[in-house]
Protein chains: 2
Amino acid sequence: MAYKRSASLKVVNCEAGKPAWLDRIHKGHCVSQMAALPENSVDVIFADPPYNLQLGGDLHRPDQSKVDAVDDHWDQFESFQAYDAFTRAWLLAARRVLKPNGTIWVIGSYHNIFRVGAMMQDLGFWMLNDVVWRKTNPMPNFRGRRFQNAHETMIWASRDANAKGYTFNYDAMKSANDDVQMRSDWLFPICSGGERLKDAEGRKTHPTQKPEALLARVLLSSTKPGDVVLDPFFGTGTTGAVAKRLGRHYVGIEREDVYIEAAEARIAAVEALDPTVLKVSAGKRAEPRIPFASLLEAGLVQPGTELTDAKRRWTARVRADGTIAIGEDAASIHRIGAKVQGLDACNGWTFWHIDSKKGLTPIDTLRQTMRDQMAVAAV
Amino acid sequence: MAYKRSASLKVVNCEAGKPAWLDRIHKGHCVSQMAALPENSVDVIFADPPYNLQLGGDLHRPDQSKVDAVDDHWDQFESFQAYDAFTRAWLLAARRVLKPNGTIWVIGSYHNIFRVGAMMQDLGFWMLNDVVWRKTNPMPNFRGRRFQNAHETMIWASRDANAKGYTFNYDAMKSANDDVQMRSDWLFPICSGGERLKDAEGRKTHPTQKPEALLARVLLSSTKPGDVVLDPFFGTGTTGAVAKRLGRHYVGIEREDVYIEAAEARIAAVEALDPTVLKVSAGKRAEPRIPFASLLEAGLVQPGTELTDAKRRWTARVRADGTIAIGEDAASIHRIGAKVQGLDACNGWTFWHIDSKKGLTPIDTLRQTMRDQMAVAAV
DNA sequence: CACACGCCTGAATCGCCCC
DNA sequence: CGGGGCGATTCAGGCGTGT
């Protein structure tokens, strides 16, 4: 029998008509626990499934310290096939409990998100957006063999292809984003500091705790106060804590007792905000970093151009890859600037100039030009 | 018969030994045209496949398999299957022409990239990064029902799981990015203005022309000058134009005459950059190896010299055979450095110092002196 | 008490060459 | 082809300690 949303459910403080499965953590496997919930009963699902990382040996930092990798048993799968079967099972169970106008968020990395996304499409979910979480402080690539893996991907999808009535708080998102549409790339720090749950010995309670700011934007964009939010991989309960704070109901599913206990204590300490103050604020972003290579890519500087310092003591030649060279000696604008002066450091942006009929122009001027162009383009 | 790379292929201006299929556009379907190329012949593939799911009748339709779940939507399943079959076919053909150490880039949006990525994993490609192209000036979401779709996703993968020798110009990327690692999120404007190809009536020639800046970073990061770059969905030839400008060879495949003509005219107008500005910035990895014993042979270090670490916690004595010893314990500068610290590994060049009136000097500076002497001697 | 300095850490599919 | 040695490789930020 399907659970019908009652009016009382919308009122957070009315406990009388509230189902027993609401605002609590269900211990067990996500598939069986979701199967025990009434169908068509959940407004939004946020899922942070295992990423199926396939790590080789140990990885050490340049200072020889060992990287604390995610090697937990729950992230181990025998094959892509096994992972696909698991993904299919929990997505089907999730789809059953979702209301017809419900939506689902799934977060992942390049290890798993493509398989999850394809499976979602196969099962009939309809993609609304893929949203990129850009990390302000990602872990570096220690061996210098790849780009720094600086983001994770979230898929936001509706239950059905032609769903029209799903919740998207367009105006709230726009207002929160300096009155321009909220984009599909979000910038947040990773979860650390006081927000990160730790045990008595100071070790992190959960290896992949997500930042509350990320969950807050998810819930503020796609739920209304009083909505029911389900997280089938609850972990230490970030989804529940944010949902409670924002006046939404939560349903958590988790297998590990350690995580459940930590989540319950955490959520109990959360105070729900007064509905009238549930507004998002967004600070001014810092000036975007412009790689010197971008000036070449934008055509503001040509490969082969000669750069010189303000007193024309040294000249260097711009190379196509964004380095500059004096003779065979090539490096960044900063390194070469430091080297010719015999210093440890140098701001290449202000040190190097381009010679033209109008005299010497610091390349920093070109950087500002580029920023202006980007700002105009963004409007 | 596999095509073997000849020495002449590496020299851009030497046309004599160049295969007939290089630096030109092949008209036809990507699968059949790739099948006509020699295997193991391409260093990098950049692919911008179509993502509309309503493909023409030229697609091979696989045998219909039984749908076993009530939740599967047959109509979607059918079109997704057709798209998957097409994706599988061109990825297999691409994999055949790729060299063992080759890499592939595929760009797409949330409509298709998840299916493509999952298929790539199924076929044995190994993901190195997913890279997000953040658009400075994306199209707005006119209906206000979703987030502004402000990015596209690129997958960068090696041909095989354990490929170690693929090209990644780490130092060039880092130098070009203010001396910090290049991240997996790149910011570029969409292709517009003078760069955008248009016909006589001012209509854009191709609906999805990619910006040259994007291709430039792709090629500068993952290819060397003289490498062969294949684009099986050539369109108006952005890949070819950038490859030619950067001194790389290109191979284009395209079905439509209109695009081929536009691309040929476009590439003909491109001037290749001077090879001296195309040199790839290399870090210490490319420096010639200097055995520690060479410093003794050159007289830069005397047997019996005492070495110490930066904090003078340990001292070791240099022996005539190039080992260093603490008491009876003798081994390489690296092994002894690791041993005293209780670590598995240690870079002895930066760990050990020589004490003099001017203070502690790392032996790495002596190595650099030696390299400089060798460079002078070589001229 | 303010500031400088150094240590620690985060979802990681993280060598290359020679014998 | 496997094993072993050389020696290259990190960004942002929180937090504790010392001056």
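All chains are named by letter (A, B, ...) in the order of the sequence lines, taking the proteins before the strands, and each is independently numbered beginning at 1.
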(request) Kindly confirm or rule out a cation-pi arrangement of A/R115 over A/F80, judged by NZ or CZ under 6.0 Å from the six-membered ring centre and within 45° of its axis? (result) yes
(message) Within the 4.0 Å heavy-atom criterion, would you say B/I290 contacts the bases, only the backbone, or no part of the nucleic acid?
(response) sugar-phosphate
(request) In whole angstrom, give the distance that lies between atom CD of A/Q64 and atom C1' of D/dC6. (result) 13 Å
(request) Tell me, please, whether A/W186 has A/R217 positioned over its six-membered ring: NZ or CZ under 6.0 Å from the ring centre and within 45 degrees of its axis? (result) yes
(request) Give a yes or no on whether the backbone of A/W74 and the side-chain of A/D72 come within a donor-acceptor separation of less than 3.5 Å. (result) no
(request) Describe the nucleic acid contact of A/G194 in one word from base, sugar-phosphate, nothing, applying a heavy-atom distance below 4.0 Å. (result) sugar-phosphate
(request) Look at the side chain of B/S294 and the backbone N and O of B/I290, then say whether any donor-acceptor pair between them is shorter than 3.5 Å. (result) no
(request) Taking only the side-chain heavy atoms of B/N347 (C-beta and beyond), determine which of C/dC14, D/dC11, D/dA8 contains the nearest atom. (result) D/dA8
(message) Tell me the interatomic distance from B/R289, atom CZ, to C/dC16, atom C1', rounded to whole angstroms.
(response) 8 Å
(request) Measure from NZ or CZ of A/R145 to the centre of the six-membered ring of B/Y166, then state whether that distance is under 6.0 Å and the direction lies within 45° of the axis. (result) yes
(message) Can you work out whether A/R143 or A/W74 has the more 5'-proximal nearest nucleotide on DNA chain C?
(response) A/W74
(request) Give none if D/dT17 has no partner; otherwise give the nucleotide forming a Watson-Crick or G-U wobble pair with it, both distances under 3.5 Å. (result) C/dA4
(request) Report which part of the nucleic acid A/Q209 touches: base, sugar-phosphate, or nothing (heavy-atom distance under 4.0 Å, all strands). (result) nothing
(message) For a quick check of understanding: with a heavy-atom distance under 4.0 Å over all strands, which category does B/T350 fall into, base, sugar-phosphate or nothing?
(response) nothing
(request) Using both distances under 3.5 Å as the test, list the Watson-Crick or G-U wobble partner of C/dA12, or none. (result) none
(request) Write down the distance separating the P atoms in D/dG7 and C/dC14, rounded off to the nearest Å. (result) 24 Å
(request) To the nearest Å, give me how far apart CZ (B/F168) and C1' (D/dT9) are. (result) 13 Å
(message) Please report the distance, rounded to the nearest Å, between CZ in B/R285 and C1' in D/dC6.
(response) 13 Å
(request) Output the single nucleotide from D/dA8, D/dC6, C/dA12 whose closest atom is nearest the side chain of A/V67. (result) C/dA12
(request) Check whether any side-chain nitrogen or oxygen of B/Y170 sits under 4.0 Å from OP1 or OP2 of D/dT10, and answer yes or no. (result) yes
(request) Assign A/N149 to base, sugar-phosphate, or nothing according to its heavy-atom contacts below 4.0 angstrom with the strands shown. (result) sugar-phosphate
(request) Determine the contact category for A/G57: base if any of its heavy atoms lies under 4.0 Å from a base atom, sugar-phosphate if only primed atoms, P, OP1 or OP2 are that close, otherwise nothing. (result) base
(request) When you get a sec, tell me which of C/dG15, C/dG10, C/dA12 is the closest nucleotide to the side chain of A/D68? (result) C/dG10
(request) Decide yes or no, distance alone: a donor-acceptor N/O pair under 3.5 angstrom between the base of C/dA11 and the side-chain of A/D48. (result) yes
(request) Return no unless some side-chain N or O of B/S332 is found under 4.0 Å from OP1 or OP2 of D/dC6. (result) yes
(request) Write down the distance between CE (B/M173) and C1' (D/dT10), rounded to a whole number of angstrom. (result) 18 Å
(request) Between C/dA12, D/dT9, C/dG10, spot the one nearest the side chain of A/I190, thanks. (result) C/dG10
(request) Could you check whether A/S109 gets within reach of a base, just the sugar-phosphate, or nothing at all, counting any heavy atom under 4.0 Å? (result) nothing
(request) Could you work out which one of D/dC6, C/dA11, C/dG10 sits closest to the side chain of A/R61? (result) C/dG10
(message) Under 4.0 Å, heavy atoms only, any strand: does A/P211 hit a base, just the sugar-phosphate, or nothing?
(response) nothing
(message) For A/F142 and A/H60, I'd like to know if the aromatic rings sit close, meaning centre-to-centre distance below 6.0 Å.
(response) no
(request) On DNA chain D, check which nucleotide each of A/M139 and A/K198 is closest to and give me the residue with the more 5' one. (result) A/M139
(request) Examine A/F234 together with A/Y259 and report whether their ring centres are nearer than 6.0 Å. (result) no
(message) My understanding is that a pair needs two contacts under 3.5 Å, Watson-Crick or G-U wobble. By that rule, which nucleotide pairs with D/dG7?
(response) none
(request) Ignoring backbone atoms, test whether B/K164 places a side-chain nitrogen or oxygen under 4.0 Å from the OP1 or OP2 oxygen of C/dG15. (result) yes
(message) Expressed as a whole number of angstroms, how long is the span from B/K284:NZ to D/dC6:C1'?
(response) 14 Å
(message) What is the distance, to the nearest angstrom, from the CZ atom on A/R196 to the C1' atom on C/dG10?
(response) 7 Å
(request) Report yes if a donor N or O on one partner sits less than 3.5 Å from an acceptor N or O on the other, where the partners are the side chain of A/K135 and the base of C/dA11; otherwise report no. (result) no
(message) Could you tell me how far C/dA11 sits from D/dC15 if I compare only their C1' atoms? Round to whole Å.
(response) 23 Å
(request) Determine, stepwise, if the pair A/N141 / B/R183 fulfils side chain to side chain donor-acceptor pair (under 3.5 Å). (result) CA-CA 9 Å; A/N141 182 292; B/R183 296 168 46 112; over 6 Å; no
(request) Looking only at side-chain atoms of B/H334, point me to the closest of C/dG10, D/dG7, D/dA8. (result) D/dG7
(request) Provide the distance between the two P atoms, one in C/dA12 and one in D/dG4, to the nearest whole Å. (result) 30 Å
(request) State which of D/dT9, C/dC16, D/dG14 makes the closest approach to the side chain of A/R145. (result) C/dC16
(request) Look at the side chain of B/A345 and decide which nucleotide, out of D/dG7, C/dA11, D/dT10, has an atom nearest to it. (result) D/dG7
(message) Say we look at D/dT10 and C/dC8: how far apart would their C1' atoms be, to the nearest angstrom?
(response) 13 Å
(request) Look at A/K66 and C/dT9 and indicate whether a side-chain polar atom (N or O) is within less than 4.0 Å of OP1 or OP2. (result) no
(message) Categorize A/C191 for me: base, sugar-phosphate, or nothing, with a 4.0 angstrom heavy-atom threshold over every strand shown.
(response) nothing
(request) Could you measure between the two P atoms, the one in C/dT9 and the one in D/dT9, and give it in whole Å? (result) 24 Å
(request) State which residue, out of B/T315, B/L360, B/D364, fulfils the side-chain contact (heavy atoms from CB on, under 4.5 Å) condition with B/H353. (result) B/L360
(request) Would you indicate what A/P138 reaches in the nucleic acid, counting non-hydrogen atoms under 4.0 angstrom: base, sugar-phosphate, or nothing? (result) base
(request) State which of D/dA12, C/dA12, C/dC14 makes the closest approach to the side chain of A/N137. (result) D/dA12
(request) Take the protein atom NE2 of A/H206 and the nucleotide atom P of C/dG10, then report the distance between them rounded to whole Å. (result) 13 Å
(request) Between B/R367 and B/D179, just flag the one whose closest nucleotide in DNA chain D comes earlier from the 5' side. (result) B/R367
(request) Output the single nucleotide from C/dA12, C/dC16, C/dA11 whose closest atom is nearest the side chain of A/E152. (result) C/dA11
